[in-house]
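First up is the structure itself, then whatever we jot down about it.
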Amino acid sequence: MIDPETIRKRLEEVWTQLGEQAGQAGHELMRACALTLIAVHDEEADPEGVARTLAELMKEHPSRTIAVRLAAGDSPTLEAEVEARCWLGFGGRQQICSELIAVSATESTLRDVPGAILPLVVADLPVVLWCSSRRAWGAGCFHTLAAPADRILVDTFGSPDPGQALAAVAGEARRSRVPVMDLAWTRLTRWRALLAQVFEKELYRRRLPSFSDLLLQFEAPPEAPVPTTALLMAGWVTSRLNNGRCRLGFERRPVDAGPARLTALRLRAEGDPALQVDVSRASPALGQVRIEVAGRDAVLNRCSLPPSTDVSLLAEELRIRGPDPVFHQSLERALDIVRTHERPVA
Amino acid sequence: MNAAAGTEGNPFLDPLRFERRAPECLVVIFGANGDLTRRKLLPALYELARERRLSTGFAVLGISRTPLSDAVFRDKMRESVAQFSESGPLDAEIWEGFAQGLFYEAGNFDDPAFYQRLASRLPQIAAARQTAGNAVYYLSTQPSYYAAIAAQLGAAGLAGGGAGDGRPWRRLIVEKPFGHDLATARDLNRRLQSVFEESDIYRIDHYLGKETVQNILAFRFANGIFEPLWNRSYIRYVQMTAAESIGVEGRGAYYEESGALRDMIQNHLLQVMATVALEPPARFDAASTRDERAKVLRSIRPLDRDQVGTHAVAGQYGPARLGGRDLAGYRQEPGVDPESRTETYVAATFFVDNWRWAGVPFYLRTGKRLPKRVTEIAIQFAAAPHLVFGNHSGGEPNLLILRIQPEEGISLKFQSKTPGAGIELRGVSMDFNYGSSFGARLPSAYETLLLDAIQGDATLYTRQDMVEASWQAVEPVIEVWNNTPPDFPNYAAGSWGPQPAEEMLERRGHRWRRP
């Protein structure tokens, strides 16, 4: 059982204790909180990895984090632990702390979680639900869990059935009164920025109506479907071009194992001179934009494109308030693509 | 077809998620061999490239007297960026892409033939790098060249354009000092404006590009609770400190010509003071914001000559022994006259004669070889009008501290009851810290300002009338000090400055904070 009053008391005790320790060590103690983050993950998720992500995230988005760890089965487990995550700022003189409430639950006690955590939400601050748990996402009580949230974050990356995963996000987005975002979309921000940069130049912008081919390259094991990142990218580019003539292709670079991921994008315009824009990853942390005019290299630009991490994706989403219409347009277009491409691999 | 596929706008932009980006352009740096280029400008441009903030059509042309090839210039700049980049080790692959857009041209700044060469080189680079002919000229030379370079650019047909006329735009960034006094500032402005439109002249004051200085405006005008208190009814005085722990560090010759008043007060601190004191602009754009800054600067009460002695204090540091180390006095620094009269410390009192600030002193101080490096603004509020807890309970007025550097942030000091029987008050602090609240690296002032200039946003640059108004504010001090032999040195290195600076505040019952 979880008694919110007991948790609140434990939080107060933690702060008193931290204050005493900081005083003895000659530090100042600062309590920082900008939101409540409810993070729901399955038991199988790497607990160290989740803990690291939440701890790192607190430095940029100090929060009261309620981390719900969800196990399979019908055990009556429903427990909570309280701790503070602290780090030294100010050149080591001041300790900055945020709160973490770790909740353990099972599929059968999940329905009791919303009532237990609702009183623990910090007043007057945004509430974000990050649900990486497939159990919770599919559960009947998901909407009760999401009720206090001002923003819902899910992740379709690595989904075995990308079409169905995107459809579920779109369905939830239509039902929900708050924005529902997919971290697979967030993974595309830097890629999209690289492509957008090309069309800052009037020289290329005026060719937009003549772009006729879009090829998306992804790496994946032989039988894996086109990943949601590639589908969303296709949805975004075609909905932004909206010239009604862009042929779409997907190209697989086979790998032995691992989740399918987008590796390159090629956009080609007909006409004289022919124009081709390639956005790709030149190395694990480096993005590359190559522009070819009439078959000759015109521009080669390289910039930082570090691999996404849960921390970077969540940090980006937590910076945003309100809806993201570009995502929803791209998502709807991606679903059209899934419907029209029976097996969209060239 | 919808507007997305039109040619007017870029349908791929996503302002919700993408950082603003610069249009294509060539940055031409005059004085490319200098310290500023090595330490600040190239590292800032590299950071912007690394963060994907620059256009694919971007290039830099370095100009200096020393003959160098493009390749040697690139190597030199690589060393500089590796040494001074704020984001960690230089990324070799990103550098490789960035370096392809670096070029170099040697020449004498006052030689017309050199500008003819430039007139043929710029289009070549524009074609190779697709910069659309747009150019930012950055004057990072000795100030005596500013007017001559502008004139030569004009004569070679390299100025003008832009302003929505379809031609490539050309902008001029000028480093401080803008003149040596009011007369020379006016003369420089006149000569620059004979070639470039005022709207194309960007006078850089890097303090205005600091995130924390910009945050003063956000703090004041994005919150409803502070602005009602931001006036003479609730604020007793404002003090601003820009202290450096180092000496002149090899810049003795330059410093001999400027001194602390010209180097810091006339530009940086008066601009920051204007940011603290300005009225709410109608909107955050160049015209509205700069109008309000200019109004404050024009409202600074001119000092009478006989007030200078009580309203301004000059200091110069002498030798000292600190932490077992001997520190040279200013007059012992290389390049400094052993009988130098140049001030390395200034404390000054200004008043802003308007309805909001009438009677509120603004105390500004700056100095070298002070105990620590710190820049901050402290706003002292009025004390509680009646001490209900008695006079022995320690009630002190509220203090708001805006920390510009280091430990960037904001603190509000207020009184709290100490736990236990009875009422004993103790000052406590409510803190906001940039580092802990946002985690991310703050962009350097030069990154912000260069990007602004490339985008044509002059909000954080100073305008002619602002420069002239700030010279007018310090002109009486300069005149009196020029005619009064100082008693230097008058403070020891490592101290908080000369005693008369303390007395200047004590006369009004105030005192300097110890930051």
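Numbers restart at 1 for each chain; the letters A, B, ... are given by sequence-line order, proteins then strands. All of these numbers come straight from a predicted model, not from anything done at the bench.
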Completion exercise
Pair count under 4.5 Å, heavy atoms only, with chain B: among A:D324, A:V326, A:L195, A:I291, highest is A:D324

Practice task
Measure distances from A:A193 to the heavy atoms of chain B and classify the residue's part below 4.5 Å as side chain, backbone, both or neither.
Solution key: both

Completion exercise
Note: vs chain B, highest number of non-hydrogen pairs under 4.5 angstrom among A:V289, A:L286, A:V198, A:L305 is A:L286

Practice task
For residues B:F103 and B:F73, establish whether the separation of their ring centroids is below 6.0 Å.
Solution key: no

Problem - Contact class of A:L203 relative to chain B, heavy atoms under 4.5 angstrom - result: side chain

Handout entry: Atom group of B:E24 that falls short of 4.5 Å from chain A, counting heavy atoms
Key = side chain

Handout entry: Of B:L122, B:V60, B:I125, the residue whose pairing with B:V28 passes side-chain contact (heavy atoms from CB on, under 4.5 Å)
Key = B:L122

Practice task
Heavy-atom distances under 4.5 Å only: say whether A:P306 touches chain B with side chain, backbone, both or neither.
Solution key: neither

Practice task
Answer with yes or no after comparing the ring centroid distance for A:F211 and A:F199 against a 6.0 Å cut-off, counting only values under it.
Solution key: yes

Problem - Face-on cation placement of A:R192 at A:W236 ring, 6.0 Å and 45° thresholds - result: yes

Fill in the blank from the handout: Counting heavy-atom pairs under 4.5 angstrom with chain B, the leader among A:P325, A:A196, A:A282 is A:A196

Practice task
Flag this pair as yes if the NZ/CZ of B:R171 is under 6.0 angstrom from the six-membered ring centre of B:W169 and inside a 45 degree cone about the axis; otherwise no.
Solution key: yes

Handout entry: Geometric cation-pi criterion A:R187 and A:F157, 6.0 Å radius, 45° cone
Key = yes

Handout entry: SB check B:E244 B:R373 (cutoff 4.0 Å)
Key = no

Practice task
May I ask you to name which of A:E200, A:E316, A:Q197 has the most heavy-atom pairs under 4.5 Å with chain B?
Solution key: A:Q197

Practice task
Using non-hydrogen atoms and a 4.5 Å limit, figure out which bit of A:Q288 sits close to chain B: side chain, backbone, both or neither.
Solution key: neither

